[in-house]
Amino acid sequence: MLSRSLLVVLLLAAGCLFPSEDAIKDEFDDFVAKNNQCSVAADCALVGAGCPLGCSVSVRADRRAAVEAKARELIRKYERGGRSCDYDCVPQAAPVCQGGRCAFSNEAQQVPDAGG
């Protein structure tokens, strides 16, 4: 029988090896927030993220490769626990610079009403 402290260590290690979907999303959101400063829309680029991180994000064009690499790393961590997911994404409009942050235009963020 495992000792209580060994069990705790194993459970903590499992959390590090197989982080929750929320933990993965939070880490990605923090990374994006550190890489989406802009002055004009031309500073921004669209990055396809992937499930469970979302369909796409708007980041600084010169940070695109780093954000794509972080997304791949986090998706691998998520899938390492035997999980997977899939999105049916709709294309986003071109990114814009709003309040010094890369974003999507308000039109791109609107979700159609389910009632028609």
Side-chain angles (χ1 to χ4, degrees):
M1 182 172 226
L2 293 174
S3 72
R4 180 174 289 210
S5 51
L6 179 58
L7 183 58
V8 169
V9 169
L10 289 174
L11 289 173
L12 290 173
C16 293
L17 293 174
F18 309 119
S20 71
E21 184 174 326
D22 288 340
I24 292 285
K25 287 178 182 178
D26 289 346
E27 186 174 343
F28 187 66
D29 290 346
D30 289 344
F31 192 80
V32 167
K34 293 175 183 167
N35 291 281
N36 72 350
Q37 302 83 6
C38 60
S39 298
V40 295
D43 293 342
C44 302
L46 179 71
V47 171
C51 196
L53 305 175
C55 290
S56 55
V57 293
S58 181
V59 298
R60 281 176 42 141
D62 65 344
R63 300 297 298 151
R64 181 179 187 161
V67 173
E68 288 171 338
K70 186 66 169 181
R72 285 190 303 271
E73 170 197 331
L74 292 172
I75 290 170
R76 275 193 303 273
K77 280 184 183 180
Y78 174 76
E79 291 176 344
R80 189 173 26 205
R83 298 168 291 190
S84 67
C85 57
D86 194 37
Y87 287 150
D88 189 15
C89 297
V90 243
Q92 287 284 356
V96 296
C97 183
Q98 293 178 341
R101 297 281 180 187
C102 295
F104 296 109
S105 67
N106 290 336
E107 295 79 24
Q109 294 176 0
Q110 292 176 353
V111 178
D113 185 286

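Everything numeric here is computed off the predicted structure, so don't read it as measured data.
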Nearest heavy atoms of [X] and [Y], plus distance in Å:
| X | Y | answer |
| --- | --- | --- |
| F28 | L53 | CB-CD2, 3.7 Å |
| Q98 | S105 | NE2-CA, 4.3 Å |
| V40 | C97 | C-CB, 3.5 Å |
| I75 | A49 | CD1-O, 3.4 Å |
| L46 | P95 | N-CG, 3.9 Å |

Rounded to the nearest 0.5 Å, how far does [atom2] of [Y] lie from [atom1] of [X]?
| X | Y | atom1 | atom2 | result |
| --- | --- | --- | --- | --- |
| E68 | R63 | CD | CZ | 11.5 Å |
| E79 | C85 | CD | SG | 7.5 Å |
| S20 | K77 | OG | NZ | 11.5 Å |
| D62 | N35 | CG | CG | 8.5 Å |
| K25 | D30 | NZ | CG | 14.0 Å |

**Prompt:** Is R101 reaching over with its side chain to a backbone N or O of N36, donor-acceptor style, under 3.5 angstrom?
**Reply:** no

**Asked** Looking at side-chain heavy atoms only, is the closest gap between L74 and F31 below 4.5 Å?
**Response** no

**P52 side chain near I24 side chain, heavy-atom distance below 4.5 Å** = yes

**C44 and C102 SG atoms less than 2.5 angstrom apart** = yes

**Asked** Any chance the SGs on C89 and C55 are under 2.5 Å from each other?
**Response** yes

**Request:** Just do the side chain to side chain contact (heavy atoms under 4.5 Å, CB included) check on E27 and K70 with the steps written out, would you?
**Result:** CA-CA 9 Å; E27 186 174 343; K70 186 66 169 181; 2.8 Å; yes

